[in-house]
There are 2 protein chains.
Amino acid sequence: MSSKALTDSTVQRLLHTAIEVFAERGFRATTVREICARANVNVASVNYYFRSKEALYSQALGLAIREANERYPIAQAQDKALPSEQRLVLFIDNFLHKLLDDSHLGYHSKLITREIAEPTNAFDEIIASAIIPQFALLEDIVRQLLGPDAGHNTVKRCLLSILGQCLVFKHSRSVVARLHPELIADESAIKQTAEHIAKFSLSALSQLSEIRRD
Amino acid sequence: MSSKALTDSTVQRLLHTAIEVFAERGFRATTVREICARANVNVASVNYYFRSKEALYSQALGLAIREANERYPIAQAQDKALPSEQRLVLFIDNFLHKLLDDSHLGYHSKLITREIAEPTNAFDEIIASAIIPQFALLEDIVRQLLGPDAGHNTVKRCLLSILGQCLVFKHSRSVVARLHPELIADESAIKQTAEHIAKFSLSALSQLSEIRRD
DNA sequence: AATCATTTTAAACACTTGTTTAATACAATC
DNA sequence: GATTGTATTAAACAAGTGTTTAAAATGATT
């Protein structure tokens, strides 16, 4: 494969279409033919440019992670000069928008959360490039909010409490859309939801930091 | 189909095997042949007893919901004589155990959360018999904890904050198992996690109830 | 024991799957 | 402009899909 493949329109179209279809249907339920039909390329192209359906999936997943991180950089929340409370608000707002962005990234986060829910061989890639950085950043923030006396497991559980509050809107989106659509109706609703999660979590964290360690 | 079908061993084996395989692979990626092989019945049985693969899925889903509700009844948390704080603890403990039970119900909750993540035609069944009752019960508890002045959207968002903290252990189980396996290692770890979620949420709710409405 | 409806079975159906092939089209280099 | 390496195409491949069929096995009723 020549080096111009990076800008090759066929390869690019295949990758981005693959992100869409794999996100919609999952790996096994996705057919190579559907990807090719949507991308307007011949069926054989998948095995010509990538070696197999699985290799295409792996590459598409990697691209999805990179593009998601480009579009929603966590730089703001990383600024250690800011007060921890504000950094938490920034993190949650960023994370929630990344999850609920339909315009461009809906497929990216869907594909990523799908891989998490049902890991394939590409799972290690996800862990290393999409999960661990987020975990580390949030852990940094939470540790500061809880104070130095907080036990290891307490910190971990608080991380998951915060992430879970965000992720529920992705994983159970169908339920939210059915029962409480107004919570994710538009940009301002998402922002309010992010503020709620931040307030909810900050209340809990401040109270936990007063009490004890484990 | 005769009425004895209810106790027919072939039908029963098909249904329970279907719960397993559909939970593992999802609807489209599941093959009728694999279900039949695991259940030790002929391939044609699916179309003989149920009319199609889709009908089998629908029936299996309904059975999963019924069995999950039987095994983890929410009766305790419904007891209005108990203080709201304790009812919340009971609810979370029950819900988390239901989600993380591997011995019998792992497949049931997996199938249910999968249907939520990727709704099929059977989605309405899930909403009505598995979601709404849980939502209503938790809403009752949360409303008492927040007081009568709490706004509608605040209540809803608090519901999702609590449910999300539990669900993350199911949806992102692969990540938790990889990065923080000790949090769900055994029965006592799960209990501690449930206690954390309850404490975390009660702290937040008590603080929110002091402040304001929306 | 014979009859009958029900259940189980192996085989086949038509269709879709990922992948391969071999022929064609294209575009740059000499 | 012929040559050569790359890209695209239609067609075919073997394996797997849900479903149907028609024959065989089963078990209860007469």
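Everything quoted here is computed from the prediction, not taken from an experiment. Proteins get letters first, then strands, A, B, ... in listed order; numbering begins at 1 in each.
- Under the 4.0 Å criterion applied to side-chain N and carboxylate O atoms, A:Arg178 and B:Asp124 are assigned as salt-bridge partners.
- Ring orientation note: the planes of A:Phe200 and B:Phe200 are tilted relative to one another, at an angle of 30° to 60°.
- Using modelled atom types, one finds a donor on one side chain and an acceptor on the other under 3.5 Å when comparing A:Glu67 with A:His16.
- For A:Glu20, the side chain to side chain contact (heavy atoms under 4.5 Å, CB included) partners two or more places apart in sequence, or in a different chain, are A:Arg38, A:Tyr107.
- Remark: B:Glu118 engages A:Arg114 in a salt bridge, criterion side-chain N to carboxylate O under 4.0 Å.
- Contact check, A:Tyr49 against D:dT6: no side-chain N or O comes under 4.0 Å of OP1 or OP2.
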Worksheet entry | Reading 5' to 3' through nucleotides 22-28 of chain C, protein heavy-atom contacts under 4.0 Å coded B for base, S for sugar-phosphate only, - for none | -------
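- One can place CG of A:Leu14 at 15 Å from C1' of C:dT19, the figure rounded to the nearest angstrom.
- When only modelled atom types and interatomic distance are considered, A:Gln59 and A:Tyr49 share no side-chain donor-acceptor pair under 3.5 Å.
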Discussion item. Return a single string for nucleotides 10-23 of chain D, one symbol per nucleotide in 5' to 3' order, where B is base contact, S is sugar-phosphate-only contact and - is none, cutoff 4.0 angstrom on heavy atoms.
Written reply: B-B----BBBBB--
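- Atom pair A:Ile35:CD1 and C:dT16:P shows a separation of 17 Å (rounding to whole Å applied).
- Aromatic rings from B:His180 and A:Phe135 are positioned such that their centres are separated by under 6.0 Å.
- For the pair A:Thr10 and D:dT8, the criterion of a side-chain N or O lying under 4.0 Å from OP1 or OP2 is met.
- Under a 3.5 Å cut-off, the side chain of B:His196 and the backbone N or O of B:Gln192 do not form any donor-acceptor pair.
- What separates CD of B:Glu34 from P of C:dT17 is a distance of 19 Å, to the nearest Å.
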